[in-house]
Amino acid sequence: MDVRLHLTFLILPVFVYWTDYAVNQQNASGPRDLALVGIILACVAAHECGHVLAARRFGLIPKAVILLPLTGVALYDESRVEKQPSATWWKREIRLALVGPLVNLALAGFAIAAIAASGHPVDLWTWPFLKARNLPRSVVWANLYLASLNLLPAYPLDGGRILRAFLSRALDLQSATRRAVSISSAIAMVLVFAGLFSDAWLTMVGVIIFSAAQLEERALVFQSVLENVRLEEVMLTDFATLSPADTLEDALDKAVHSLQDDFPVVRGSDMVGVISRQRILDALRAEGNGYVQAVMNKIFDVSVRHDSLGSAFRKLTARSSSIIPVVEDERLIGIVTLQNLMHSMSLLAESRKLRRDESES
């Protein structure tokens, strides 16, 4: 599983130090401020671990998690999970959404118990509750804040996911997600402007919610492209092929004069393998000149023109390959490469977003 930090988490140390310095210029402490950032990161990571572990019980396989200072955006591979009817799907979503805040509440309880057992008195009720100079208290309140803020009806926070689950009972999933994202953006703007006139932390929360909503909206557009666009719309029909009888030096010469990184290997009208430019180079360096047949990959998946981009993408990632031949009546009619697929997905997603923005304006 790929775990990444969102850009807002890189801004958080600067923000924490700035707010600490504004309150107490003489006693602002860089190391303690970094420790507070570490506490927040650990609490968010525990929150998302709760979601991931709960999701596994439903058969959802996590592919990536992007951590933000307030929440995380988890991407799951639902291709191996049977589609659930909306009557049960929304209940599953609510259960998954509630796990994160419950994890933070449990951690806050453990922290309070640990503080009480240590014998060192810590005043939990002195404002500001989240402060770098009192890290034990910050552990408690970081978890309490995360639990409460994540219940805001702002997607993709847990409260927003619950809202989307209820909306999906009357709308299709994409429409419910767009409605939830719109509500989230409105809440984010209110928090940003409220923070300008009161507490800077409200502005930070608003920025985080807005950033997370944009991530989810982008993921929604990409998912729509994956499932609704067919290979015949994006496949390459003007492409170079190699013969298994070609020498590696001849193949490299053809590759130099082509924009392709991957090539189908064809004998007569039959496709018998695939090979990449890098594989040709590696074979030449290791073994000298030989034949394409000896180093080509003879195990490969094929698709048909009416397959979706999503199905092709799953085939590419399943075998860690970079090319999918498109066939019709056992005849090669096109190819889809990973590079071509990612480029097409990006352009189609942007095109659909622009058309939707125009229709809404």
Side-chain angles (χ1 to χ4, degrees), residues 2 61 63-64 75 77 79-80 219 221-351:
D2 187 20
I61 308 300
K63 297 188 295 184
L75 305 175
D77 181 6
S79 60
R80 286 176 269 176
V221 175
F222 269 104
Q223 188 63 33
S224 174
V225 169
L226 279 173
E227 299 307 325
N228 296 314
V229 175
R230 304 300 159 195
L231 291 185
E232 61 186 348
E233 300 178 52
V234 300
M235 68 183 185
L236 301 175
T237 55
D238 184 12
F239 55 91
T241 63
L242 297 175
S243 165
D246 285 338
T247 66
L248 293 176
E249 288 182 352
D250 288 340
L252 183 61
D253 185 58
K254 289 183 182 179
V256 167
H257 294 89
S258 170
L259 295 175
Q260 290 171 228
D261 288 326
D262 305 274
F263 300 86
V265 183
V266 178
R267 179 190 289 121
S269 60
D270 298 326
M271 183 170 168
V272 294
V274 295
I275 191 169
S276 68
R277 187 198 306 254
Q278 189 60 48
R279 181 74 182 101
I280 296 169
L281 282 169
D282 291 343
L284 279 169
R285 289 177 184 142
E287 304 167 13
N289 196 21
Y291 291 96
V292 167
Q293 183 170 358
V295 296
M296 69 184 184
N297 189 354
K298 300 174 185 177
I299 301 174
F300 54 92
D301 288 312
V302 299
S303 293
V304 297
R305 65 164 69 232
H306 298 301
D307 283 349
S308 68
L309 264 63
S311 68
F313 193 74
R314 286 188 285 271
K315 288 177 182 178
L316 286 169
T317 53
R319 289 193 182 274
S320 299
S321 58
S322 54
I323 182 172
I324 289 283
V326 183
V327 299
E328 185 175 60
D329 298 327
E330 300 183 358
R331 182 173 56 87
L332 182 66
I333 61 171
I335 61 170
V336 174
T337 67
L338 187 59
Q339 181 183 19
N340 146 241
L341 187 61
M342 296 302 294
H343 181 67
S344 298
M345 284 169 55
S346 178
L347 288 177
L348 287 166
E350 189 62 30
S351 173

Self-check item: L332 and F239: CA distance, side-chain angles, deciding distance, side chain to side chain contact (heavy atoms under 4.5 Å, CB included) verdict
Solution: CA-CA 11 Å; L332 182 66; F239 55 91; 3.6 Å; yes

Practice problem: Could you check if a side-chain atom of I324 sits within less than 4.5 angstrom of a side-chain atom of D307, using non-hydrogen atoms only? | Solution: no

Practice problem: Can you see which heavy atom on P244 is nearest to which on V272, and at what distance? | Solution: CG-CG2, 4.2 Å

Exercise. State the CG-CD distance between D262 and Q278, to the nearest 0.5 angstrom.
Key: 10.5 Å

Practice problem: Determine, step by step, whether R230 and S308 satisfy the side chain to side chain contact (heavy atoms under 4.5 Å, CB included) criterion, reporting the C-alpha distance in whole Å, the side-chain angles of both residues, the deciding distance to 0.1 Å, and the verdict. | Solution: CA-CA 4 Å; R230 304 300 159 195; S308 68; 3.1 Å; yes

Quiz item: Which atom pair, heavy atoms only, marks the closest approach of P264 to A240?
Solution: CD-O, 3.6 Å

Exercise. Please assess L284 against E249 for the test side chain to side chain contact (heavy atoms under 4.5 Å, CB included), listing each intermediate value before the final yes or no.
Key: CA-CA 8 Å; L284 279 169; E249 288 182 352; 4.0 Å; yes

Quiz item: Just wondering, do S303 and V336 contact through their side chains at under 4.5 Å, heavy atoms?
Solution: no

Quiz item: Does E328 reach the main-chain N or O of I333 with its side chain, forming a donor-acceptor pair under 3.5 Å?
Solution: no

Quiz prompt | Minimum heavy-atom distance V274-M271, with the two atoms named | solution = CG1-CE, 3.3 Å

Self-check item: Closest non-hydrogen atom pair between L248 and G288, with its separation
Solution: CD1-O, 3.8 Å

Quiz item: Distance-only, no hydrogens or angles: does the R277 side chain make a donor-acceptor pair with backbone N or O of Q260 under 3.5 Å?
Solution: yes

Quiz item: Considering all heavy atoms of both residues, which atom of F300 and which atom of P325 are nearest to each other, and what is their separation?
Solution: CD1-CG, 4.1 Å

Self-check item: From K254 atom NZ to D246 atom CG, the distance as rounded to the nearest 0.5 Å
Solution: 4.0 Å

Quiz item: Considering residues at least two apart in sequence or located in another chain, which fulfil the side chain to side chain contact (heavy atoms under 4.5 Å, CB included) criterion with L236?
Solution: I335, N340

Practice problem: Please examine the side chains of L309 and L231, heavy atoms only from C-beta on, and report whether any two atoms are closer than 4.5 Å. | Solution: yes

Quiz item: Does any pair with a residue in residues 284-300 pass side-chain hydrogen bond (donor to acceptor under 3.5 Å, both in side chains), and if so which ones, sequence neighbours excluded?
Solution: none

Quiz prompt | Pair I275-I280, side chain to side chain contact (heavy atoms under 4.5 Å, CB included): steps then yes or no | solution = CA-CA 7 Å; I275 191 169; I280 296 169; 3.6 Å; yes

